[in-house]
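Worksheet: the structure to be examined is printed underneath.
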Amino acid sequence: DDLVTKGADEPYRMFTSRAEHRLSLRADNADLRLTPVGFAAGLVSEERFDLAQRRRSDVEASLRRLSEFKMPISLWASKIEP
């Protein structure tokens with residue numbers, strides 16, 4: 001949307017800092033986003049694809065654990081007070 005409303009001086013480049021979904025376009029998660037595409041195109045080995053799938057499973061499991069974590073506010077407060 002930003003590229004349409006604000007324009008770009010370099011039409012062949014996409015600036016991730018102005019991208020609408022810039023958090024999902026970070027370099028640190030590029031392997032999770034692009035490895036399946038590369039594998040489907042025959043550019044990524046099965047070994048590399050399996051490694052990326054295991055990492056994806058680990059990330060999803062960690063996010064599930066974090067979303068289920070609960071701790072009373074009083075306990076949080078006791079952790080940060082000197």
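Only heavy atoms go into these numbers, but all of them, side chains included; no hydrogens, no water, no symmetry mates.
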With the side chain counted from C-beta on, respond yes when Phe39 and Glu46 share a heavy-atom pair under 4.5 Å apart, and no when they do not.
yes
Does the side chain of Arg55 reach to within under 4.5 Å of the side chain of Thr35, using non-hydrogen atoms?
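Sidechains of Thr35 and Arg55: no contact.
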Determine the minimum heavy-atom distance between Lys70 and Ser67, stating which atoms define it.
NZ-O, 4.3 Å
Can you name the nearest heavy-atom pair linking Arg56 to Arg33, along with the distance?
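That closest heavy-atom pairing would be NH2-N, 4.3 Å.
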side-chain contact (heavy atoms from CB on, under 4.5 Å) between Leu51 and Glu47: does it pass, once the steps are laid out?
CA-CA 6 Å; Leu51 179 65; Glu47 180 182 352; 6.0 Å; no
Pairwise distance CZ(Arg65) to CD(Glu60) - rounded to 0.5 angstrom:
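Answer rounded to 0.5 Å: 12.0 Å.
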Please report the interatomic distance CG(Asp58) to CG(Leu32), rounded to the nearest 0.5 Å.
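One finds 10.0 Å between CG of Asp58 and CG of Leu32.
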Shared hydrophobic cluster for Leu75 and Phe69 (ILVMFWY, side-chain gaps under 4.5 Å):
yes
For the CD1 atom on Ile73, are there more than 12 heavy atoms of other groups (residues, nucleotides or ligands in this structure) within a distance under 6.0 Å?
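No.
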